[in-house]
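All values derive from a computational prediction rather than experimental measurement. Convention: sequence-line order gives letters A, B, ...; per-chain numbering from 1.
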Amino acid sequence: MPERYEPKTFEDKWRSRWGEAKLFQTREVPGKPKFYGLDFFPYPSGAGLSVGHCRNYIPTDVICRKKLMEGFNVLHPMGFDAFGLPAENEAISKKTHPSPMVKSYGENYKRQMDLVGISYDWSRSFFSSDPEYYRWTQWIFELMYKKGLAYRRLAKVNWCPMDKTVLADEEVEGGNCWRCGTAVEKKDIPQWFFKITAYAQRLIDDLDTVDWPEGIKNMQRNWIGRSEGVEFDMKVAFENRDSESAIRELASDSQIPTSDSDDFVVISHERGPHFRVFTTRIDTIFGMTFCVIAPEHPLVETILATVDSARKAEVYSYCSATKEISDIDRQATSREKSGVFTGAYAVNPANGKHVPIYVADYVLMGYGTGAIMAVPGHDQRDFDFAKKFGIEIIPVITDSLTSPNSPHQAFEAKDGILINSGEYDGLTVAEAQKALGEWMEGLEIGERIVRYKLRDWLISRQRYWGCPIPVVHSKDGDQSLVLEEDLPVELPDVESYEPADDGSSPLSRIPEFVNVTDPDGTLGQRETDTMGGFACSSWYFLRFCDPTNSEHPWDPSKAEYWMPVDCYVGGAEHAVMHLLYARFWTKVLFDEGLLSVNEPFQRLMNQGQVLGLTPYRKPQEGEKLQVGEEGLLISFDEAAEIQAKIKSGELDGDSLFYRWARMSKSKGNVVTPDEMVDQYGADALRIYELFVAPFESDVQWSNEGVAGATRFLNRVFRWVSEVQDYYEPNWESFLATEEIVGKGTGIRRAVHRATKKISADIDRFAFNTYVSEMMKCLNTVTDSLKNADWTDRGFILAMSEAVETFVLLLAPAAPFSADELWESIGRVGFTLNVHWPSHSESIAAEDTITVAVQVNGKLRDTITLGADATNEEMEAIALASEKVIIHTSGKQIQKVIVIPAKLVNIVAQ
RNA sequence: GCCCAGGUGGCGAAAUUGGUAGACGCGCUGGCUUCAGGUGCCAGUAUCCGCAAGGAUGUGAAGGUUCGAGUCCUUUCCUGGGCACCA
């Protein structure tokens with residue numbers, strides 16, 4: 001038995017023994033509780049795993065290993081999200097085919113995961129690009145189609161000119177493609193959508209039933225964007241009677257109602273022009289001093305037909321100018337408001353007032369009705385617009401603390417009292433919203449409704465490397481599903497699969513794929529778009545329950561047993577993509593009776609990122625920077641050169657700087673588990689990753705810390721080897737009858753305390769304190785090794801218990817070392833098959849307590865008492881303390897507060 | 001602008017319900033072991049004053065509640081993340 005941690009002498013041995021024993025194979029032993037621990041489905045990149053990935057996989061592994069030891073049936077699978085853009089782009093750049101490429105990358109991932117000792121059941125693994133898997137992705141698509149939840153329509157969609165495909169709304173970040181950062185364009189193409197909007201409310205409501213980080217839940221709520229408000233009709237009025245004839249021509253019904261005002265011709269809203277607006281602040285309706293419609297709003301055409309040619313030209317040029325501005329620019333909040341008066345007026349239904357209708361690009365056609373009532377007194381955007389165009393600002397909500405007439409900004413208070421609002425004066429905002437909503441509903445000019453920002457999920461991609469959409473288009477324009485028995489529609493194996501600039505799919509260039517004969521003999525053409533990668537990852541966790549089923553996507557009884565995922569671990573970057581889609585699919589499958597759960601992931605945890613040190617160089621003259629960058633990424637070699645030049649005075653110190661950045665191959669800051677395992681060992685890497693910071697915090701990687709973990713493991717090995725010769729394997733039965741006195745009690749106390757603390761820490765994802773408790777426990781037991789009396793029987797028994805328990809507590813974090821140590825004390829088999837240690841409260845309890853003694857809340861003394869000391873004893877001894885007497889001299893003791901076993905506070909004045 | 005998550009030594013951090021702030025580790029300092037050390041062991045390490053005993057200060061800032069606040073309340077500043085002319 002070595003006195004040091006020498007991982008190279010035993011890691012390979014245990015890796016192969018675990019494999020031979022099929023140690024990680026999922027067991028479904030009847031009568032045991034189940035635990036499903038899952039990591040996010042990774043895309044196997046050519047760069048391989050970094051220590052950042054390990055920060056995801058190691059904690060999940062710790063949890064799963066502990067659950068196994070606690071007697072659970074554990075499902076801990078891993079597979080690969082192989083379809084999709086990143087794989088295809090990587091294959092194109094390497095001039096290879098994605099299929100063999102992702103397989104070899106997946107193999108490399110598996111090798112690295114095994115290297116680190118992650119306990120995955122590889123017998124359940126698959127790639128999302130396997131036909132046996134995507135067959136069922138297509139099957140679920142067909143289910144969606146039959147339920148009316150998958151449909152195709154012409155839509156203005158986000159087009160990435162670099163990746164040459166459309167993107168879902170969730171894949172656009174600040175107007176740019178989430179993968180390549182290119183500005184997206186708008187394009188009109190017929191596209192496939194999933195009707196996720198039908199589930200908007202349930203996707204919000206059921207967030208209350210899952211144990212997820214509050215931040216992720218909020219991001220989903222914001223993304224779905226529920227808002228409650230009132231949608232109502234407004235009549236349009238025109239400036240002069242000349243317009244009336246124009247309207248008469250426009251209206252299908254020539255009967256023009258009479259005017260209800262001397263100055264205006266008013267068209268009834270049933271017959272003539274009218275428009276609807278949506279507002280969340282119906283309570284401010286008396287403050288409406290204008291209306292705004294989006295430049296794309298159909299009402300613009302109607303109004304233009306009625307106005308003089310000069311105004312017509314002005315409005316028309318504004319609307320066409322808007323089309324030239326990109327969405328990103330148009331939606332920049334910093335932009336100054338622009339717009340133009342249309343010549344028409346809207347009639348406020350609440351007070352009959354006529355307010356001008358403007359066209360302005362700050363109102364978007366894509367949300368609500370594309371038209372708003374503008375209340376500059378209580379909406380900052382309307383306020384800015386009113387200021388610029390000199391429109392009246394009427395305050396209608398007041399708050400005793402804030403001036404409603406503030407000239408610099410709108411008063412957007414959500415609570416307050418109504419003023420200037422006729423019969424509604426004096427009501428609160430909430431009361432007025434209810435009253436006005438009911439009033440409008442009574443008159444049938446409006447109704448209270450709920451709106452969502454969420455839009456349907458666009459899944460078509462004009463790319464090769466994805467799951468084919470199992471649809472055939474017939475010549476007459478009909479579309480039909482591929483028969484279930486003909487699934488999967490296999491992706492053809494072709495050499496050339498590059499995307500096309502015109503938005504056509506590469507599959508459309510393959511006649512053998514496109515042209516098919518329908519069962520009824522007619523000629524049809526296959527759909528050539530493929531599904532975006534997120535479709536494939538929306539159900540993989542279900543397939544893991546029954547991965548080799550060739551008759552069904554899964555056996556419902558198996559899904560019922562394993563689902564939901566008890567603990568799902570991955571990065572926060574998927575908050576509104578994968579995590580929303582997977583919830584949606586789960587709900588659809590639940591509604592179909594295929595699942596017994598409504599939510600797929602009961603508990604979600606987001607690990608922090610691992611950041612690598614990244615050198616940058618300030619640009620020299622003529623060099624261009626990427627958008628948002630302050631310097632140019634350089635290699636560490638280049639950084640070293642520049643540093644030498646700075647030292648010699650050739651360059652100034654500002655020309656180089658370092659930054660912590662997410663590890664990526666392109667940044668050259670990746671630290672791989674391979675190099676860490678080689679240098680320090682897998683267990684040292686695991687211990688360090690667990691210990692370095694709280695699970696959810698980002699960490700700045702340093703190799704020095706790994707060396708610290710090695711030191712800890714060294715000390716563990718030295719301790720066990722020292723105890724080894726005296727180790728009593730039957731300590732448990734002896735301890736049951738023999739009473740331990742002296743040094744042994746302290747050892748036992750430390751071990752039982754550690755067992756208690758560690759069991760709780762792992763459950764609450766506090767892996768850093770798990771490791772620190774191991775270190776503390778080790779410090780205690782090795783301290784008692786000094787002047788050890790190996791003739792003391794109690795000491796030997798306690799030490800034997802300590803070694804064995806410690807090794808088991810260590811097992812989830814450092815499984816290689818644990819099994820090696822286990823063997824070295826003569827035990828047979830694997831720690832994973834041994835039951836997790838339990839603790840005794842009475843042994844863990846201290847026999848003395850340290851009482852803090854305060855005078856007026858300041859610590860003045862600490863005293864040690866027997867654990868059974870009463871409050872009265874604590875008080876008496878505290879009052880007798882010399883330091884207390886000094887600090888209370890000349891003062892009157894007002895009262896004494898005693899917290900049992902903790903503290904005495906003497907209040908003196 | 002809105003919504004989250006955070007601010008604790010030189011550094012990573014700890015502190016179940018309000019009850020001895022800084023556990024555990026890294027780094028650093030001194031000592032021992034060593035031909036040597038990127039080894040191991042021992043001691044020290046929040047700040048300020050002091051030889052020491054001891055004292056004062058101290059969890060971003062300012063108030064408040066309390067016998068007692070890192071923890072609860074109010075205001076505010078800063079950092080990171082997300083959303084954003086969404087009516």
Taking the minimum atom-to-atom distance to the side chain of [X], which one of [options] wins?
X	options	answer
Met775(A)	C85(B), C24(B), U20(B)	C24(B)
Leu364(A)	C24(B), G27(B), A87(B)	A87(B)
Asn222(A)	G82(B), A87(B), C24(B)	G82(B)

Rounding to the closest angstrom, what is the interatomic distance between [N] and [M] at atom [atom1]?
N	M	atom1	value
U8(B)	G22(B)	C1'	8 Å
C4(B)	A56(B)	C1'	40 Å
G12(B)	G63(B)	C1'	32 Å
G27(B)	G9(B)	C1'	12 Å
A23(B)	A46(B)	P	8 Å
C28(B)	G82(B)	P	36 Å
A14(B)	G58(B)	P	23 Å
G30(B)	G37(B)	P	14 Å

note: Ile687(A), atom CD1; C24(B), atom P; distance rounded to Å ~ 17 Å
Please list, pair by pair, any protein nitrogen or oxygen found under 3.5 Å from a nitrogen or oxygen in nucleotides 46-54 of chain B.
none

Using a 4.0 Å heavy-atom cut-off across all strands, classify [X] as base, sugar-phosphate, or nothing.
X	value
Ser227(A)	sugar-phosphate
Lys786(A)	sugar-phosphate
Thr280(A)	sugar-phosphate

TODO: Flag the pair Tyr688(A) / Tyr680(A) as yes when their ring centroid distance falls below 6.0 Å, and as no otherwise.
DONE: no
| When the aromatic ring centroids of Phe691(A) and Phe712(A) are compared, is their separation below 6.0 Å? | no
On a heavy-atom basis, the closest approach of Pro395(A) and Ile393(A) is CD-O, 3.7 Å
Which atom pairs link the protein and nucleotides 65-74 of chain B when you take only N or O atoms and keep those under 3.5 Å?
residue : atom : partner   : partner atom : Å
C67(B)  : O2'  : Asn905(A) : ND2          : 3.3
C67(B)  : O2   : Asn905(A) : ND2          : 2.6

Per the glycosidic torsion and the 90° limit around 0, nucleotide G37(B) is anti
Answer for the Watson-Crick or wobble partner of A56(B), both distances under 3.5 Å, is U47(B)
**Report entry** Heavy-atom side-chain contact between Met288(A) and Met234(A) under 4.5 Å
**Finding:** yes
Next item on the list: Check the angle between the aromatic planes of Phe767(A) and Phe765(A) and answer parallel, tilted or perpendicular using the 30° and 60° thresholds.
Entry: perpendicular
Between the protein and nucleotides 6-12 of chain B, which nitrogen or oxygen pairs are less than 3.5 angstrom apart?
residue : atom : partner   : partner atom : Å
G12(B)  : O2'  : Val692(A) : O            : 2.4

